[in-house]
Amino acid sequence: IYMDEGQLQQVYNYPAGSIWDFFLHALQIRSIPSPEARIQKAYDSYISSATFSNEQVGILRKIKDVFVSNVASHRGIDSRSIFSNPIYERVIGSYDEVNRRFEGKLDEVVEEMRQNFQPATRAGDS
């Protein structure tokens with residue numbers, strides 16, 4: 001069976017993967033990161049490089065798991081859906097309280113992150 005780079009990218013859901021990445025993975029030298037791991041890395045990089053206060057970064061770190069999980073599984077996510085879960089509301093705080101800490105721009109922050117961390121679509125997907 002012969003597979004080209006495009007087919008391997010689809011099989012592994014790794015659009016940035018090269019033949020070399022897949023070769024190293026097959027030889028068990030270096031694993032291909034899961035979509036969740038790639039989104040987590042991008043999320044951490046984003047919040048550490050953006051101009052958020054320490055308090056805002058702390059809040060964003062608390063919602064990281066739910067955010068990454070929803071984006072990786074192609075489920076919708078917005079700030080209201082995060083705070084509609086009573087467990088997250090108890091851990092993070094109420095939507096109104098957190099939104100005040102983001103100067104009323106929590107929805108914009110979450111939407112920008114959602115757009116930036118959306119997994120790349122595969123050929124033929126829309």
Check your understanding: Under 4.5 Å between any side-chain heavy atoms of F83 and D96, yes or no?
Key -> no
Exercise for review: Tell me yes or no: between the side chains of Y12 and Q7, is some donor less than 3.5 Å from an acceptor?
Suggested key: no
Study note, to complete from the structure: Taking every heavy atom of A37 against every heavy atom of P33, the minimum-distance pair comes out as CB-CB, 4.2 Å
Review point. Side-chain heavy atoms under 4.5 angstrom apart, residues restricted to Ile, Leu, Val, Met, Phe, Trp, Tyr: same cluster for V91 and V110?
Key: yes
**Study point:** Neighbour count above 12 (heavy atom, 6.0 Å) for I29 CD1
**Key:** yes
Review point. Quick one: do the Q40 and E36 side chains pair a donor with an acceptor below 3.5 Å?
Key: no
Check your understanding: Just by distance, do the side chain of S69 and the backbone of V66 share a donor-acceptor pair under 3.5 Å?
Key -> no
Check your understanding: Taking side chain as C-beta onward, heavy atoms only, is F23 less than 4.5 Å from L8?
Key -> no
Revision key, fill the gap. Residues at least two apart in sequence or cross-chain that pass side chain to side chain contact (heavy atoms under 4.5 Å, CB included) with E108, listed by chain then number, are K105
Name every donor-acceptor pair, under 3.5 Å, that has one atom in a side chain of residues 57-65 and the other anywhere in the protein, sequence neighbours excluded.
{"from": "K64", "atom 1": "NZ", "to": "D44", "atom 2": "OD1", "distance (Å)": "3.1"}
{"from": "K64", "atom 1": "NZ", "to": "D44", "atom 2": "OD2", "distance (Å)": "3.0"}

Check your understanding: Quick check: does any side chain N or O of Q9 sit under 3.5 Å from a backbone N or O of Y14, one acting as donor and the other as acceptor?
Key -> no
Review point. With side chains defined as the heavy atoms from C-beta onward, is the minimum distance between Y95 and D107 less than 4.5 Å?
Key: yes
Point to revise | Same apolar cluster (I L V M F W Y, side chains within < 4.5 Å links), W20/I32 | key: no
Check your understanding: Under 4.5 Å between any side-chain heavy atoms of D21 and R30, yes or no?
Key -> yes
Point to revise | Side-chain touch R38/K41, heavy atoms, less than 4.5 angstrom | key: no
Review point. At what distance, to the nearest 0.5 angstrom, does OG1 of T51 lie from CD of Q56?
Key: 8.0 Å
Practice item. Calculate, to the nearest 0.5 Å, the distance between atoms OG and CZ belonging to S79 and R114 respectively. Key: 11.5 Å
Check your understanding: Looking at residues at least two apart in the chain, or sitting in another chain, which of them share a ring pair (Phe, Tyr, Trp, His ring centres under 6.0 Å) with F67?
Key -> Y43
Point to revise | Rounded distance (nearest 0.5 Å) linking atom CE of M3 with atom CZ of F22 | key: 9.0 Å
Check your understanding: Counting distance only, does the side-chain N/O of E5 pair as donor-acceptor with the main-chain N or O of I19 below 3.5 Å?
Key -> yes
Check your understanding: Got a second to check how far F102's CZ is from S53's OG, nearest 0.5 Å?
Key -> 7.0 Å
